[in-house]
Number of protein chains: 2
Amino acid sequence: MKKKDIQEPICAVDYAFRRIGGKYKGRIIWYLYSKQIMRYGELRRKLTDITPKMLTQTLRELEDDQLVHRKVYHEVPPKVEYTLTETGAELIPFIDHLRQWGDHQIEKENRIPKSC
Amino acid sequence: MKKKDIQEPICAVDYAFRRIGGKYKGRIIWYLYSKQIMRYGELRRKLTDITPKMLTQTLRELEDDQLVHRKVYHEVPPKVEYTLTETGAELIPFIDHLRQWGDHQIEKENRIPKSC
DNA sequence: AATTATAGTATCATTTTGGTAATTAGGTTA
DNA sequence: TAACCTAATTACCAAAATGATACTATAATT
């Protein structure tokens, strides 16, 4: 994600979408909010459709963007805990809003919403 | 965007991000809300960083998802107007929320926010 | 007959995302 | 003491998405 770092965002909406617009970012932030602390493997089991490569990459982006904090325990086997930063937590109301809209739409389509 | 159509969304957050998570979708929806009606060329001039291919593709996705309505006038030169659907308009509060968060963050970084 | 205007396509290049196997290193087991 | 286990990643190659640029269509206008 070179360009994301280099290129100036066009406006606030563009800026916000760059920071949380990835395929998995919303869910990761939501899960971290629900559980407070999650280890790498826990996130991986939760995001059943993500590959380890993408999980690591996405977590790094969130960390670089200071939405997520990464705490490494220097143990073997490795232990790494992820938590939301204060800035990341500020996004919760809006993700929750989006989640409710999603549930509402899924119901409109006569399908059964699955909880996040 | 084949997989988007085929694969079941994991949960409401995933569902919502699939529907509005594209690189330009938020801004397009926001602009359509601000101006009510916009023609293709008007959108293209507003989204200075989009290519015609991506603009068409994104508008088609938004149309397929019933967030945007497309009205064709059979004239020469062509005239096509885009407007928000009711469902699309439901997303405005949340995009506005996101926009405010973005402005706030940009200010935190001591940069000048550009209006959308 | 060439020019203009608008909303796109077509084609090819680049970037991003995805899948799977390999790595690391200290502790436990055989 | 050597093979084995665990958890968090990296390495490598394939597929998909995005991007840049040129081209198209058509009626009215110059």
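The chains referred to below are lettered A, B, ... by the order of the sequence lines, with proteins before strands, and numbering in each begins at 1.
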Give a yes or no on whether the backbone of B:Thr58 and the side-chain of B:Glu61 come within a donor-acceptor separation of less than 3.5 Å. no
Checking B:Thr87 side chain against B:Leu67 main chain: does a donor-acceptor pair fall under 3.5 Å? no
Roughly, in whole Å, what's the span from [atom1] in [X] to [atom2] in [N]?
X       : N      : atom1 : atom2 : answer
A:Tyr24 : C:dT16 : OH    : C1'   : 12 Å
B:Leu43 : C:dA7  : CG    : C1'   : 12 Å
B:Leu55 : D:dT18 : CG    : C1'   : 14 Å
A:Leu47 : C:dT17 : CG    : C1'   : 15 Å
B:Asp49 : D:dT18 : CG    : C1'   : 12 Å
B:His74 : C:dG8  : NE2   : P     : 11 Å
B:Gln57 : D:dA20 : CD    : P     : 14 Å
B:Glu75 : D:dA25 : CD    : C1'   : 15 Å

Hphob cluster co-occupancy, B:Leu59 + B:Tyr73, side-chain heavy atoms under 4.5 angstrom: no
With hydrophobic residues grouped by side-chain heavy-atom distances under 4.5 Å, do A:Leu32 and B:Ile10 end up in a single group? no
Can you tell me how the ring of A:Tyr40 sits relative to the ring of A:Tyr82, calling it parallel under 30°, perpendicular over 60° and tilted otherwise? tilted
What distance do A:Met38 atom CE and A:Arg45 atom CZ have between them, rounded to the nearest 0.5 Å? 8.5 Å
Counting any heavy atom closer than 4.0 Å, what does B:Tyr73 reach on the DNA or RNA strands: base, sugar-phosphate only, or nothing? nothing
Review item, nucleotides 1-9 of chain D N/O atoms under 3.5 Å of protein N/O:
from  : atom 1 : to      : atom 2 : distance (Å)
D:dA7 : O3'    : A:Arg39 : NH2    : 3.1
D:dA7 : O3'    : A:Pro78 : O      : 3.0
D:dA8 : OP1    : A:Arg39 : NE     : 3.0
D:dA8 : OP1    : A:Arg39 : NH2    : 3.3
D:dA8 : OP2    : A:Gly41 : N      : 2.7
D:dT9 : OP1    : A:Arg60 : NH2    : 3.4
D:dT9 : OP1    : A:Arg70 : NE     : 3.4
D:dT9 : OP1    : A:Arg70 : NH2    : 2.3
D:dT9 : OP2    : A:Tyr82 : OH     : 2.7

For B:Lys53, what residues pass the side chain to side chain contact (heavy atoms under 4.5 Å, CB included) criterion, not counting sequence neighbours? B:Thr51, B:Gln57
Nucleic acid contacts - residues 27-37 of chain A versus DNA chain C, non-hydrogen atoms under 4.0 Å: none
Distance-minimising heavy-atom pair for A:Arg18 and A:Lys25: O-NZ, 4.0 Å
Would you say D:dA17 has OP1 or OP2 under 4.0 Å from some side-chain N or O of A:Lys23? no
Between A:Tyr15 and B:Gln105, is there a side-chain donor-acceptor contact under 3.5 Å, judged purely by atom types and distance? no
